[in-house]
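Here the structure is laid out as structure tokens; the discussion comes afterwards.
So you know, we letter chains A, B, ... as the sequences are listed, proteins then strands, and number each from 1. The shown structure was predicted, so the numbers you read here are calculated from the model rather than taken from an experiment.
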Amino acid sequence: MNEQLQYNLKEMEITTFQKDLVQWFIREQRDLPWRKDSDPYKVWVSEIMLQQTRVDTVIPYYERFLKKFPTLETFAEADDESVLKIWEGLGYYSRVRNLHSAVKEVVTQYDGKVPNTLKEISMLKGVGPYTAGAILSIAYGVPAPAVDGNVMRVLSRILLIYEDIAKPSTRKIFEDAVREIIDCDHPSYFNQALMELGALICTPTSPSCLLCPVREHCLAFSAGVEKDLPVKTRKKSTKHVDLLAAVLKTDNGKFIIRKRPSKGLLANLWEFPTVEDGNFIQMRTSLLKYLDQEINVKAQLETGAFVKVDHVFSHLTWTINVFAGSISGEINLERNYLLVTKKELEEYAFPVSHQTIWKAYKEKFQL
DNA sequence: TACTCGTGGCG
DNA sequence: TCGCCAAGAGT
């Protein structure tokens, strides 16, 4: 921590700041489903879902998740397919794979009780510095920092911190600052209040300083530089990838789907057979290779794509040209491929891009 | 450290 | 329209 920050912390009226912030939170906090109780399991689930994901998006997923898996034990016993299916469309799918693995570990290693020490909880898969602090403070009342993007934005303004919040090492500076100012009598309220303030008042662009309960404590507001903070360097632009996909229907009305690899992008999700950056011939050749070549397979693809799907990820963009085809004869599929009916298909978890493909197919061919 | 890993909303 | 973003973690 540099000298200037130490000085700013020293000059701060910490007790008054804590009171103003916490009282505001108690008064103005949103009514959110994960705030109904402080069950460590529920807090944990909500914090994982909220990683890099908007509150409005999370709410229906959280409700469905807790209805299907109301306790840590019920989730621990769930099969991998149903776990992925309930996360379908939420993104960052390794989150739920890690959560499932960690919950099973809690059952076997901690007698079903979520650990309440920083050391133990941090060892769980998918629980990093932020989530560890969030669970400890919200579920157990431990005065640990929970520094997310909101907290860095809010505190960069209040304490006039110009460090680049895009750099991973910067988070430690804010954790040190939180340790200095956290309300040890109300760590749950305090941490949530910082985040709530960031979400409702101290927003990235055009913060509502006139409504802010702690503007008297805010150095950026005093200096009129709140819009210059936080400092955040932008990352490089995304790459573009062209794909061909095929919705293939057999003569007995089933569809070919395949499971993606267990690591990397969209791991373990299902999709329609896809080839990268190829042409029509490559697609046909690829499909014949994926199917059993010794079987009499007739892939009668249409002459053109019936839909083009553009999908934007955080770090890359897909353009998928999608063909429809029919296949007759006995079909012998490789590992990771599956023949399913329309109804069965919709029981598997697909990424949004391939949900879009399926929806377009059903409309086009009147399913 | 820098990059990977999703999605939908917004100015 | 499009880059930026939103309660990050793993590698």
Checklist entry - salt bridge (charged side-chain N to carboxylate O under 4.0 Å, His left out) with E226(A): which residues, sequence neighbours excluded? => result none

Next on the checklist: Assess whether a salt bridge exists between D164(A) and K232(A), defined as any Lys/Arg side-chain N lying under 4.0 Å from an Asp/Glu carboxylate O.
Outcome noted: no

Item to check | Residue P129(A), side-chain atoms from C-beta onward, closest of dG6(B), dA9(C), dA6(C) | outcome: dA9(C)

Checklist entry - Does a nitrogen or oxygen in the side chain of T53(A) sit under 4.0 Å from OP1 or OP2 of dG8(B)? => result no

Next on the checklist: Main chain of V352(A), side chain of T356(A): is a donor-acceptor contact present, judged purely on distance under 3.5 Å?
Outcome noted: yes

Checklist outcome for this item: On DNA chain B, more 5' by nearest nucleotide between K167(A) and G91(A) is K167(A)

Checklist entry - Can you check whether T274(A) reaches L244(A) side chain to side chain, under 4.5 Å on heavy atoms? => result no

Checklist entry - Any idea how F75(A) and Y41(A) line up, ring-wise: parallel (<30°), tilted (30 to 60°), or perpendicular (>60°)? => result tilted

Checklist outcome for this item: note: I48(A), atom CD1; dT7(B), atom P; distance rounded to Å ~ 18 Å

Checklist entry - Taking atom P of dG8(C) as reference, at what distance in whole Å does atom CH2 of W44(A) sit? => result 18 Å

All N/O pairs under 3.5 Å across the protein-nucleotides 9-11 of chain B interface:
none

Return a table of donor-acceptor pairs under 3.5 angstrom between the side chains of residues 124-141 of chain A and protein atoms on other chains or two or more places apart.
{"unit_1": "Y130(A)", "atom_1": "OH", "unit_2": "E47(A)", "atom_2": "OE1", "d": "2.6"}
{"unit_1": "T131(A)", "atom_1": "OG1", "unit_2": "Q51(A)", "atom_2": "NE2", "d": "3.0"}
{"unit_1": "S137(A)", "atom_1": "OG", "unit_2": "G133(A)", "atom_2": "O", "d": "2.8"}
{"unit_1": "S137(A)", "atom_1": "OG", "unit_2": "A134(A)", "atom_2": "O", "d": "3.2"}
{"unit_1": "S137(A)", "atom_1": "OG", "unit_2": "N191(A)", "atom_2": "ND2", "d": "3.0"}
{"unit_1": "Y140(A)", "atom_1": "OH", "unit_2": "V114(A)", "atom_2": "O", "d": "2.4"}

Item to check | Any H311(A) side-chain nitrogen or oxygen under 4.0 Å from OP1 or OP2 of dT7(B) | outcome: yes

Next on the checklist: I'd like the P distance from dT1(B) over to dA6(C), given in whole Å.
Outcome noted: 22 Å

Checklist entry - Roughly, in whole Å, what's the span from OH in Y92(A) to P in dT4(B)? => result 11 Å

Next on the checklist: Under 4.0 Å, counting only non-hydrogen atoms across every strand here, what does S46(A) touch: a base, just sugar-phosphate, or nothing?
Outcome noted: nothing

Checklist outcome for this item: By side chain to side chain donor-acceptor pair (under 3.5 Å), S208(A) pairs with (sequence neighbours left out) none

Checklist entry - How many Å lie between NE2 on H354(A) and C1' on dT7(B), as a whole number? => result 15 Å

Next on the checklist: Here's a test of your reading of the structure: between V127(A) and M195(A), which maps to the more 5' nucleotide of DNA chain C?
Outcome noted: M195(A)

Checklist outcome for this item: Here the distance between atom P of dG6(B) and atom OH of Y61(A), to the nearest Å, is 13 Å

Item to check | Residue pairs, two or more places apart or on separate chains, that pass ring pair (Phe, Tyr, Trp, His ring centres under 6.0 Å) and touch residues 160-201 of chain A | outcome: F25(A)-Y189(A)

Checklist entry - How long is the line joining CG of L265(A) and P of dT11(C), in whole Å? => result 16 Å

Item to check | Q52(A) CD to dC5(B) C1', straight-line distance once rounded to whole Å | outcome: 10 Å

Checklist entry - How long is the line joining NZ of K263(A) and C1' of dT11(C), in whole Å? => result 10 Å

Checklist entry - Relative to the ring of F365(A), is the ring of Y361(A) parallel (under 30°), tilted (30 to 60°) or perpendicular (over 60°)? => result tilted

Name the pairs: protein N/O against N/O of nucleotides 2-4 of chain C, kept only if under 3.5 Å.
{"unit_1": "dC4(C)", "atom_1": "OP1", "unit_2": "R234(A)", "atom_2": "NE", "d": "3.3"}

Next on the checklist: Once hydrogens and angles are ignored, does a donor-acceptor distance under 3.5 Å link the base of dG10(C) to the side chain of S94(A)?
Outcome noted: no

Next on the checklist: Any non-hydrogen side-chain atom of N336(A) less than 4.5 Å from a side-chain atom of W270(A)?
Outcome noted: no

Item to check | Residue whose closest nucleotide on DNA chain B lies nearer the 5' end, G264(A) versus P168(A) | outcome: P168(A)

Checklist entry - Looking at H315(A), does any N or O in its side chain come under 4.0 Å of the phosphate oxygens OP1/OP2 on dC3(B)? => result no

